[in-house]
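Chain naming here is simple, since letters A, B, ... match the order of the sequence lines and numbering starts at 1 in each.
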Number of protein chains: 2
Amino acid sequence: MSQRTVISLESIRVACKNCTLSSLCLPMGLAQEDVERLDDIVKRARPLHRGDFLFREGDKFRSLYVVKTGSVKTFAPSQEGGEQVLGFHLPGEIIGLDAIDKDVHACSARILETSAICEIPFARLEDLTANIPSLQHQMYRLLSKEISQDTDMLLLLGKKNAEERLAAFLLSLSQRLHKRGLSPLDFYLSMSRHEIGNYLGLAVETVSRLFTRFQEDGLMQVDRKHIQLLDLPALEALVKGVGQGRDKQQQPG
Amino acid sequence: MSQRTVISLESIRVACKNCTLSSLCLPMGLAQEDVERLDDIVKRARPLHRGDFLFREGDKFRSLYVVKTGSVKTFAPSQEGGEQVLGFHLPGEIIGLDAIDKDVHACSARILETSAICEIPFARLEDLTANIPSLQHQMYRLLSKEISQDTDMLLLLGKKNAEERLAAFLLSLSQRLHKRGLSPLDFYLSMSRHEIGNYLGLAVETVSRLFTRFQEDGLMQVDRKHIQLLDLPALEALVKGVGQGRDKQQQPG
DNA sequence: AAGAAATCTTGACCCAGATCAAGCGGTGAA
DNA sequence: TTCACCGCTTGATCTGGGTCAAGATTTCTT
């Protein structure tokens with residue numbers, strides 16, 4: 001089994017300080033020596049594959065997980081075997097923050113495409129943050145950012161129609177890929193139409209029709225999982241609700 | 001102006017250690033001496049009235065706010081002057097956590113009924129948490145809980161129909177009031193039908209019709225803002241989707 | 001390489017809930 | 001006390017997008 005050797009070499013090479021994601025991830029804004037302290041508690045496993053679970057709903061909460069490469073979806077069970085996709089997670093994004101409070105995972109996380117994942121035992125991280133103020137601050141920011149994102153999603157599900165939702169989804173992906181040094185205009189989807197629809201509160205058929213329509217309208221080129229965005233400004237205009245959302249009136253005090 | 005005196009007497013009496021909410025709020029699980037340290041940084045203003053703003057979207061983030069008595073709504077602007085109600089906040093609940101990351105409030109908070117509010121300057125709280133591990137832990141828990149709640153709301157907006165949404169809303173209020181020592185079955189709504197609809201992603205008319213229907217079905221008694229829940233089990237059954245939600249199928253790996 | 005099983009697309013139809021419209025209290029200002 | 005306004009209810013109608021159905025592709029098995 002020479003594989004053990006390969007893995008251990010790998011885990012040296014991929015230390016946080018060498019990671020291209022460090023500006024997006026937990027180490028953001030940390031001093032070099034503090035990054036090394038963080039590095040000491042991070043566990044890096046061999047790559048996981050499509051369909052593998054990072055954790056399941058009901059599992060005891062032990063660690064946070066950070067996507068290093070690849071992508072992951074999180075989802076919660078709804079009634080009677082259905083599920084609600086809660087998010088798609090790209091490199092640098094943290095998974096599991098919602099479980100700190102209850103100490104049990106309320107959602108499951110499943111690998112979408114072959115991925116490398118960093119595991120961060122939470123108890124050790126918490127100790128570390130008590131001694132590194134900038135890391136504590138970073139944790140507050142990450143938790144807060146997660147709340148903001150959920151808030152954006154509430155607005156999307158509460159007020160936007162189908163085409164606004166899909167446009168918002170595409171632009172969100174585009175921007176997040178761009179921050180990671182990838183093309184914002186040309187990318188592959190790692191999730192199915194079904195999963196996109198589930199995430200956006202739409203039926204698969206609606207997603208499919210919208211892809212077709214957006215393509216007809218020259219907003220994008222779709223070939224199976226391969227997406228090319230041709231008209232960002234038009235997509236942005238759609239999200240802003242140029243095509244009208246619901247409930248434009250205020251509530252008086 | 002003898003009012004100054006009254007206020008300052010008041011602010012002694014209402015210290016966290018005497019507050020009936022301390023088991024729900026930030027002081028939860030803290031040692032007595034640590035509660036006092038927390039107390040030192042909490043500011044208590046005179047009561048605010050319906051329509052007053054705690055903060056507005058775009059304001060610089062300085063403090064977290066905790067409802068002591070009364071209730072508050074938070075809402076984000078959607079496109080073209082509309083708004084999305086993000087939450088209704090009862091005594092013991094913390095407002096403003098979503099602004100830590102960006103350092104600017106992305107939503108507004110407005111008083112629904114005469115309320116007493118505790119203000120906690122965040123910079124000072126952050127210093128304190130770095131020195132009180134149990135307070136740091138409590139902060140992580142509170143942030144995490146906020147994420148879980150948003151997640152529940154995503155499921156509600158993504159998968160539940162109108163009656164499931166309203167039933168879930170009523171039960172959530174009922175449970176939260178119960179935890180605060182109030183009746184879970186008999187209470188007054190501090191928000192309008194319009195605000196409820198906005199929050200749940202429904203039109204006012206739908207909310208109104210559902211109140212009427214729930215009453216006809218013997219689930220509750222409605223008199224204007226006065227609510228009496230008559231059949232909790234039936235409401236719970238509704239939320240669980242006995243009347244069927246959407247998308248019960250799984251997505252294969 | 002052939003068959004089986006998903007995934008995706010497209011068309012036809014339908015319905016939950018939005019929108020439009022009208023009327024009814026309740027509440028507050030003068 | 002009256003009037004005006006706002007919040008709420010109820011009815012009538014409309015529609016975005018869900019559901020059902022049928023193929024077309026693609027991808028997994030063996």
Could you grab the distance from atom SG of C107(A) to atom CD1 of I95(A), nearest 0.5 Å is fine?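 One gets 9.0 Å once the value is rounded to the nearest 0.5 Å.
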Would you give the length of the straight line joining atom CZ of F187(A) to atom CG of L170(A), rounded to the nearest 0.5 angstrom?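 Interatomic distance, F187(A) CZ to L170(A) CG, rounded to 0.5 Å: 6.0 Å.
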May I have the distance from [X] (atom [atom1]) to [N] (atom [atom2]), rounded to whole angstrom?
X       : N       : atom1 : atom2 : result
F211(A) : dT7(C)  : CZ    : P     : 15 Å
L189(A) : dT7(C)  : CG    : C1'   : 13 Å
R50(B)  : dG28(C) : CZ    : C1'   : 14 Å
L200(B) : dG17(C) : CG    : C1'   : 14 Å
K159(B) : dG17(C) : NZ    : P     : 15 Å
L210(A) : dG18(D) : CG    : P     : 9 Å
R213(B) : dA16(C) : CZ    : C1'   : 10 Å
H226(B) : dC8(D)  : NE2   : P     : 16 Å

Quick one: the side chain of R209(B) and the base of dT19(C), do they pair up donor-acceptor inside 3.5 Å?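 Counting by modelled atom types and ignoring angles, a donor-acceptor contact under 3.5 Å is found here.
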Would the base of dG17(C) count as contacting R165(B) through its side chain, where contact means a donor and an acceptor less than 3.5 Å apart?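 Looking at the base of dG17(C), it does not pair with any donor or acceptor on the side chain of R165(B) (distance under 3.5 Å).
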Nearest of [options] to any side-chain atom of [X]?
X       : options                   : answer
L202(A) : dT9(D), dG18(D), dC8(D)   : dG18(D)
A203(A) : dG17(C), dT10(D), dT19(D) : dT19(D)
N161(B) : dG17(C), dC8(D), dT9(C)   : dG17(C)
R193(A) : dA12(C), dG11(D), dT9(C)  : dT9(C)

For a quick test of your reading: what N or O donor-acceptor pairs under 3.5 Å do the side chains of residues 201-209 of chain B make, sequence neighbours left out?
none

Most 5' of T206(A) and E205(B) on DNA chain C, judged by nearest nucleotide: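 Closer to the 5' end of DNA chain C: T206(A).
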Pull out every protein N or O sitting under 3.5 Å from an N or O of nucleotides 25-30 of chain D, one pair per line with the distance.
none

Matching residue for S174(A) among L229(A), I227(A), L235(A), D186(A) - test: side-chain contact (heavy atoms from CB on, under 4.5 Å):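 The residue from L229(A), I227(A), L235(A), D186(A) that satisfies side-chain contact (heavy atoms from CB on, under 4.5 Å) with S174(A) turns out to be L229(A).
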Given F88(A), which partner from the list L112(A), T74(A), L173(A), L189(A) fulfils the side-chain contact (heavy atoms from CB on, under 4.5 Å) test?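 Per the side-chain contact (heavy atoms from CB on, under 4.5 Å) rule, the option paired with F88(A) is L112(A), out of L112(A), T74(A), L173(A), L189(A).
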Under 6.0 Å from the NE2 atom of H226(A), do we count more than 12 heavy atoms belonging to anything else shown?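 Yes, enclosed.
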On the nucleotide dG7(D), are OP1 or OP2 found under 4.0 Å from the side-chain N or O atoms that K225(B) carries?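 Checking K225(B) against dG7(D): no side-chain N or O falls below 4.0 Å of OP1 or OP2.
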Using only side-chain N and O atoms of T212(B), determine if any of them is under 4.0 Å from OP1 or OP2 of dT10(D).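 Yes, such a contact exists.
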Determine the sole option in E113(A), E93(A), E83(A) for which the salt bridge (charged side-chain N to carboxylate O under 4.0 Å, His left out) test with K73(A) is passed.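 One option only clears the test, and that one is E83(A).
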